[in-house]
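Following: one structure in structure tokens, then a few remarks.
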Amino acid sequence: MKDKRRVVVKIGTNVMTNRDNRIMGPVLKNLVRQIAFLYENDIMPVMVSSGSAIAGKEILGECGIQEPSIRRQIYSSVGQPRMMRHYYTLFHEWGLRCAQVLATKRDFSPGNHRKNMINCYEGLISEGIIPIANEDDTVSLTMSMFSDNDELAALVAELIHADTLIILTDIDGLFDGHPDDENANLIRLVKSDEKVEKYVKQSNKEEGQGRGGMKSKLKIAKNAASKGIVTYIANGKKENVILDILDGKEVGTKFIK
Ligand code: GLU
């Protein structure tokens, strides 16, 4: 397969869940449709998807284990196959294959795990299989934990030499005020050395099940952009968000070097 341009798309838990923390199939379907479109149009998409913990909660309901880190391990290990069943089925409808690549932060340090991971991504990509990364929440605790899947997505983008990283959340991007304030404006373009942290006001809507908030997204987006990876923070619930971004339409907040 000839070398295609690579784009990493990160889907946060808040994108795929409703107010009752249930996974919304139509949202995943819409995102997979766009990712399949990229694949068909000479772009190699690599996904990073959260959702295992919330999917596990959906299956198990309340869990008798009180220790939060063990609860997270239990929910994620139960929910991960459910997430992959969603993705398997949705990609299959487009005649595409996908694969799961789980990792902890340690796997990105120089050494064998990093090399193995590169071989795995390159192998999947050369076979035309869409990799879907997630943190290995079953063993990723304390030192080996990513700050959130946004950090994982940026590390994957660097690892596979993606030119673009799209971080999808449930708000439209970075605003110059509180995102719920109707006078706040969406900031369209941020340079990686620009001081825009003062604008971060956590949206109420964003305080869901996922770990990363806007403060963390901003830090990660600026850092990725400083390494030459054009990065977007945008609303994953908008119908054509991924395609519009790659079409050069004014969607979300764009971060450049
Ligand atoms: N890895 C977690 C999951 O699949 C999500 C981590 C995050 O929220 O960034 O549920």
Side-chain angles (χ1 to χ4, degrees), residues 8-18 20-25 27-28 31-32 46-63 65 67-88 90 98-108 117 130-157 165-171 200 202-221 223-224 231-237:
V8 172
V9 179
K10 185 260 171 174
I11 302 173
T13 302
N14 290 334
V15 176
M16 64 180 87
T17 49
N18 62 17
D20 300 324
N21 287 325
R22 311 270 324 163
I23 293 174
M24 294 185 288
V27 173
L28 291 181
L31 291 165
V32 168
V46 171
M47 287 172 68
V48 176
S49 176
S50 304
S52 67
I54 203 78
K57 205 166 182 185
E58 227 177 48
I59 296 170
L60 295 179
E62 281 314 311
C63 162
I65 291 165
E67 166 58 38
S69 57
I70 303 178
R71 275 166 70 99
R72 185 175 142 253
Q73 288 171 289
I74 305 282
Y75 280 139
S76 300
S77 54
V78 171
Q80 192 62 62
R82 185 182 184 88
M83 285 313 298
M84 284 316 289
R85 194 175 74 159
H86 280 302
Y87 285 126
Y88 174 86
L90 292 169
C98 62
Q100 176 82 97
V101 185
L102 298 176
T104 70
K105 196 165 176 173
R106 282 196 187 134
D107 299 327
F108 285 87
M117 217 164 34
I130 297 167
I132 305 177
N134 194 6
E135 179 165 16
D136 190 349
D137 294 299
T138 60
V139 291
S140 170
L141 298 163
T142 55
M143 294 302 284
S144 60
M145 231 166 134
F146 301 99
S147 62
D148 45 51
N149 265 357
D150 304 316
E151 184 182 26
L152 167 63
L155 288 168
V156 170
L165 165 63
I166 300 174
I167 297 175
L168 297 176
T169 182
D170 63 350
I171 51 175
V200 177
Q202 197 73 29
S203 153
N204 293 333
K205 282 186 272 172
E206 249 222 329
E207 290 163 5
Q209 296 286 331
R211 288 211 298 274
M214 186 51 81
K215 199 171 163 198
S216 157
K217 282 183 175 45
L218 186 56
K219 187 172 158 217
I220 287 159
N223 187 39
T231 301
Y232 295 83
I233 298 176
N235 190 337
K237 287 183 170 161

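First listed ligand is number 1; within each ligand, the first listed atom is number 1. We count residues from 1, following the sequence as given.
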Relative to the heavy atoms of Asn134, which atoms of ligand 1 are at a distance of less than 4.0 Å? 1 (N), 3 (C), 4 (O)

Is Glu135 reaching over with its side chain to a backbone N or O of Phe146, donor-acceptor style, under 3.5 angstrom? yes

Between [atom1] on residue [X] and [atom2] on residue [Y], distance to nearest 0.5 Å:
X: Lys105; Y: Ser147; atom1: NZ; atom2: OG; result: 6.0 Å
X: Ile171; Y: Met214; atom1: CD1; atom2: CE; result: 3.5 Å
X: Tyr87; Y: Leu28; atom1: OH; atom2: CG; result: 4.5 Å

NZ (Lys219) with more than 12 external heavy atoms under 6.0 Å: no

Less than 4.0 angstrom from a charged side-chain N to a carboxylate O is my criterion; do Glu151 and Lys10 meet it? no

Can you find an N/O atom of [X] closer than 3.5 Å to an N/O atom of ligand 1?
X: Lys10; answer: no
X: Asn149; answer: yes
X: Ser52; answer: yes
X: Gln80; answer: no

Check each of Gly12, Ala53, Ser49 against atom 10 (O) of ligand 1 and report the one with the nearest heavy atom. Ala53

Any heavy atom of Gly51 closer to ligand 1 than 4.0 angstrom? yes

Tell me which part of Asp148 gets within contact of ligand 1: side chain, backbone, both or neither, using heavy atoms under 4.0 Å. both

